[in-house]
Trainee: 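Please read through the structure below; I'll follow up with questions.
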Amino acid sequence: SINDLDDSLLTEILQRLPTTREAHACKLVSKQWYSLISSTHFASRFVDYHGKHFSMEPKPFASIFNCWKDMGETKFDLVHHIAFEDRFFKSSGFDLSFLPCSRAGHPEDTLVFASYQDLFLCCSLRFDHRVYYVCNPLTLQWVALPPFPEKYKVFATIGLLCGGSSFRVMRIPDDQSYSKSFTVELFCSEINEWRKEVVVAPHKFHLGDGLNVFSWDGMMHWFTKDSNEMVAYDPYYPDKCHLIDLPRVEEGLLSTRVGGYEGGVRLLQLVAIGLDCCVRIWDLMCYEAEEWIMAFDVSLCPLLHDSLVSSYWRCSSQRLKIQALALDPNDQNMVYLAYGTSVFSCNLQTKEVNSVSGARLNVTIFGSKWDSYNVHQFVLPWWPTTIPELCS
């Protein structure tokens, strides 16, 4: 029987399971299977097998959408939900109710502050706001961070970065002024402590509002307040940062997003030109040289005028109410935009526009009562990221 097979033969069989979801479900079969599938040897074999045989397959991903309105002190209105997601997550019950601070069916209990690949940084809205949780929604693994000592401010520039056997959480309160240096509250998992670091920039700048912190290739990225520059910060070398000039926009800049593809950083700009909107995609070729290469410059008006994506796109006064949501981590030609309460994908190469099936925002993010919105991506690697344990 299969129970008589040794670990080497079981590995040959189980590494052929189609996704990590099935592999983790097989842990429940027996103690032997649990031990085998939990080992780093099996993880490396699974990744190697799927990398060779399914390298062209897109990695499942979801996007978590937050809207909020500051009500003073630590009180705020919040809408938090999955804006669009891969069928993989729908079938596996993708949610955060496994966290001790959450209740099933109450996504408003937990706010997602940051993401890194398949990990989320969350905060309870029912209990201590100063306690963060780093979690993996697929494996249901989580760790609670110790409360940080300073007076809590709900909204800050917050980022998460995992570096193999350790991770970093960064907090930069938004009340810091125009300066060449700024203070970072940094959590280091190796010592299980928060510490303060003073970061020196090349010149003075406004930190920004903390939206859209994107961690990629060992760096955290976010935009300055005037959206003229992007900060690139390595929390493992925490005393310095890069300031990268963004491509200049002579017209009206509606929104900007940063993402990654094939090892590089990409920039999505949504630009208003008269009553038309333009999507521009730029690739960052070098941090030091600050060299951007344009990949796309596409007018949306001819793409959407005859589309059924939105019934009121034909009204010229509504055309500037479109917002950028995300870059597709699998397809360099694809971007996701929001218009009213609808989410749609736009292939900049084929000029195809489609409504994202089942994706609908329960708020209109432009001109509504909400102060800000953010989108966090969850991208599943070939094998789920294991959260490093915290020392006691």
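All values below come from the heavy atoms of this structure, side chains included, with hydrogens, waters and symmetry mates left out.
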Trainee: Do other residues, nucleotides or ligands put more than 12 heavy atoms under 6.0 Å from Glu389 CD?
Mentor: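 Open: at most 12 neighbouring heavy atoms sit under 6.0 Å from CD of Glu389.
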
Trainee: For the residue pair Thr157 and Val231, establish whether any side-chain heavy-atom pair is separated by less than 4.5 Å.
Mentor: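 The answer is no; the side chains never approach within 4.5 Å.
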
Trainee: Before giving the answer on side-chain contact (heavy atoms from CB on, under 4.5 Å), spell out for Leu300 and Val353 the whole-Å C-alpha distance, their side-chain angles and the decisive distance to 0.1 Å.
Mentor: CA-CA 10 Å; Leu300 285 179; Val353 177; 5.8 Å; no

Trainee: So do Val213 and Ile158 actually touch side chain to side chain, heavy atoms under 4.5 Å?
Mentor: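 A side-chain contact is absent here, since even the closest heavy-atom pair is not under 4.5 Å.
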
Trainee: Taking only residues two or more places apart in sequence or in another chain, which ones pass side-chain contact (heavy atoms from CB on, under 4.5 Å) with Val143?
Mentor: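 side-chain contact (heavy atoms from CB on, under 4.5 Å) list for Val143, sorted by chain: Val134, Leu145, Phe167, Ile387, Leu390.
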
Trainee: Start with the C-alpha distance between Phe98 and Cys135, add both sets of side-chain angles, then the distance that settles side-chain contact (heavy atoms from CB on, under 4.5 Å), and finish with yes or no.
Mentor: CA-CA 10 Å; Phe98 63 92; Cys135 66; 3.9 Å; yes

Trainee: If you group Ile, Leu, Val, Met, Phe, Trp and Tyr by side-chain heavy-atom gaps below 4.5 Å, do Met294 and Leu284 land in one group?
Mentor: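 Yes, it is one cluster - the side chains of Met294 and Leu284 are joined through contacts under 4.5 Å.
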
Trainee: Establish whether Leu9 and Leu14 are linked, either directly or via other cluster members, by ILVMFWY side-chain heavy-atom contacts under 4.5 Å.
Mentor: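 Yes: a chain of side-chain contacts under 4.5 Å links Leu9 to Leu14.
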
Trainee: Using side-chain heavy atoms (C-beta onward) and a distance below 4.5 Å, is Leu348 in contact with Val335?
Mentor: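 Side chain of Leu348 against side chain of Val335, heavy atoms only: contact under 4.5 Å found.
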
Trainee: For Phe214, which residues count as a ring-ring contact (aromatic ring centres under 6.0 Å, His included) partner, sequence neighbours excluded?
Mentor: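 By the ring-ring contact (aromatic ring centres under 6.0 Å, His included) rule, Phe214 matches Trp216.
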
Trainee: Please find the pair of heavy atoms, one from Arg195 and one from Pro238, that lie closest to each other, and give the distance.
Mentor: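 Nearest pair, atom of Arg195 first, then Pro238: NH2-CG, 4.2 Å.
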
Trainee: Taking side chain to side chain contact (heavy atoms under 4.5 Å, CB included) as the criterion, tell me which of Lys225, Glu229, Lys180 meets it with Phe205.
Mentor: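 Exactly one option meets the side chain to side chain contact (heavy atoms under 4.5 Å, CB included) with Phe205, and it is Glu229.
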
Trainee: Please, which pairs that meet salt bridge (charged side-chain N to carboxylate O under 4.0 Å, His left out) have at least one residue in residues 289-300, sequence neighbours excluded?
Mentor: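 Applying salt bridge (charged side-chain N to carboxylate O under 4.0 Å, His left out) to every pair that reaches into residues 289-300, excluding sequence neighbours, yields Arg280-Asp297.
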
Trainee: What's the shortest heavy-atom distance between Pro388 and Ser165, and which atoms?
Mentor: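 That would be CB-O, 3.4 Å.
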
Trainee: Does Phe46 have any ring-ring contact (aromatic ring centres under 6.0 Å, His included) partners at least two apart in sequence or in another chain, and if so, which?
Mentor: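 Phe46 satisfies ring-ring contact (aromatic ring centres under 6.0 Å, His included) with His50, Trp383 only.
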
Trainee: Restricting to pairs with a member in residues 233-244, which pass side-chain hydrogen bond (donor to acceptor under 3.5 Å, both in side chains), not counting sequence neighbours?
Mentor: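 Found Ser166-Tyr236.
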
Trainee: By ring-ring contact (aromatic ring centres under 6.0 Å, His included), which residues pair with Tyr178, not counting sequence neighbours?
Mentor: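 Listed in chain order: His206.
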
Trainee: For residues 112-119, which side-chain donor-acceptor pairs fall under 3.5 Å, sequence neighbours excluded?
Mentor:
from   : atom 1 : to     : atom 2 : distance (Å)
Ser115 : OG     : Gln377 : O      : 2.9
Asp118 : OD1    : Thr385 : OG1    : 2.6
Asp118 : OD2    : Asn136 : ND2    : 3.1
Asp118 : OD2    : Thr385 : N      : 2.8

Trainee: Closest heavy-atom contact between Ser215 and Leu161?
Mentor: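 Nearest pair, atom of Ser215 first, then Leu161: CB-CD1, 3.8 Å.
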
Trainee: Does Val258 form a side-chain contact (heavy atoms from CB on, under 4.5 Å) with Phe223? I'd like the steps, not just the answer.
Mentor: CA-CA 9 Å; Val258 64; Phe223 300 124; 3.9 Å; yes

Trainee: Following the transitive rule for hydrophobic clusters with a side-chain heavy-atom cut-off under 4.5 Å over Ile, Leu, Val, Met, Phe, Trp and Tyr, establish whether Leu5 and Ile37 coincide in one cluster.
Mentor: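 Yes.
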
Trainee: What distance separates Glu352 CD from Ser345 OG, expressed to the nearest 0.5 Å?
Mentor: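 It comes to 8.5 Å.
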
Trainee: Any side-chain heavy-atom pair from Gln332 and Gln349 closer than 4.5 angstrom?
Mentor: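 No; the side chains remain at least 4.5 Å from each other.
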
Trainee: Considering all heavy atoms of both residues, which atom of Leu160 and which atom of Leu121 are nearest to each other, and what is their separation?
Mentor: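 Looks like CD2-N, 4.1 Å.
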
Trainee: Where do Arg168 and Met220 come nearest, in terms of heavy atoms and distance?
Mentor: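 Between these two residues, the closest heavy atoms are O-CE, 4.1 Å.
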
Trainee: Any donor and acceptor pair, going by atom type alone, linking the side chain of Ser255 with main-chain N or O of Leu270 inside 3.5 Å?
Mentor: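 Checked: no pair found.
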
Trainee: Under the 4.5 Å side-chain heavy-atom rule for ILVMFWY, direct or indirect, which residues accompany Ile191?
Mentor: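 Its cluster partners, ordered by chain and number, are none at all.
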
Trainee: Can you confirm whether Trp194 sits close enough to Pro147 that some side-chain heavy atom of one is under 4.5 Å from a side-chain heavy atom of the other?
Mentor: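 The answer is no, as the side chains (C-beta and beyond) never meet within the 4.5 Å cut-off.
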
Trainee: Tell me, please, which residues at least two apart from Asp331 pass side chain to side chain donor-acceptor pair (under 3.5 Å).
Mentor: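 Asp331 satisfies side chain to side chain donor-acceptor pair (under 3.5 Å) with no other residue.
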
Trainee: Heavy atoms, side chains only, cut-off 4.5 Å: are Pro173 and Glu185 in contact?
Mentor: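 With C-beta onward as the side chain, the pair touches.
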
Trainee: Could you state the interatomic distance from OG1 (Thr386) to CD (Gln141), rounded to the nearest 0.5 Å?
Mentor: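 Taking OG1 in Thr386 and CD in Gln141, the distance rounds to 6.0 Å.
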
Trainee: The criterion is side-chain contact (heavy atoms from CB on, under 4.5 Å); which residues satisfy it with Asp283, sequence neighbours excluded?
Mentor: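 In terms of side-chain contact (heavy atoms from CB on, under 4.5 Å), with neighbours along the sequence ignored, Asp283 is linked to Arg266, Met285, Ala295.
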
Trainee: Among all residues two or more places apart in sequence or in another chain, which pass the side-chain contact (heavy atoms from CB on, under 4.5 Å) test with Pro247?
Mentor: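 If we apply the side-chain contact (heavy atoms from CB on, under 4.5 Å) test to Pro247, skipping adjacent residues, the hits are Leu267, Gln269, Trp282, Trp292.
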
Trainee: Quick one: does any side-chain atom of Thr11 pair with a main-chain N or O of Asp7 as donor and acceptor, under 3.5 Å?
Mentor: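 Answer holds: yes.
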
Trainee: Provide the closest heavy-atom pair for Ala144 versus Val131 in the form atom of the first, atom of the second, distance.
Mentor: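 Ala144 and Val131 have their closest heavy atoms at CB-CG1, 4.4 Å.
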
Trainee: Assign the ring pair Trp222 / Phe182 to parallel, tilted or perpendicular, where the plane angle (0 to 90°) is split at 30° and 60°.
Mentor: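 Judged by the thresholds at 30° and 60°, the geometry between Trp222 and Phe182 is perpendicular.
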
Trainee: Report yes or no: do Ile13 and Val29 belong to one cluster of Ile/Leu/Val/Met/Phe/Trp/Tyr joined by side chain heavy-atom distances under 4.5 Å?
Mentor: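 They do share one cluster, since a chain of ILVMFWY contacts under 4.5 Å joins Ile13 to Val29.
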
Trainee: Kindly compute the distance separating OH (Tyr34) from CG (Leu28), expressed to the nearest 0.5 Å.
Mentor: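 The OH atom of Tyr34 sits 9.5 Å away from the CG atom of Leu28.
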
Trainee: Test of understanding: with side-chain contact (heavy atoms from CB on, under 4.5 Å), list the residues that count as partners of Ser39, not counting sequence neighbours.
Mentor: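 Result, side-chain contact (heavy atoms from CB on, under 4.5 Å) vs Ser39: His41, Phe42.
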
Trainee: Output the distance between atom SG (Cys346) and atom CE (Met334), rounded to the nearest 0.5 Å.
Mentor: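 Between atom SG of Cys346 and atom CE of Met334 there are 8.5 Å.
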
Trainee: Quick one: are Phe187 and Asn192 in side-chain contact, heavy atoms under 4.5 Å?
Mentor: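 Phe187 reaches Asn192 side chain to side chain.
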
Trainee: Does the side chain of Gln32 come within less than 4.5 Å of Leu10's, by heavy atoms?
Mentor: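 Of all side-chain heavy-atom pairs linking Gln32 with Leu10, at least one is under 4.5 Å.
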
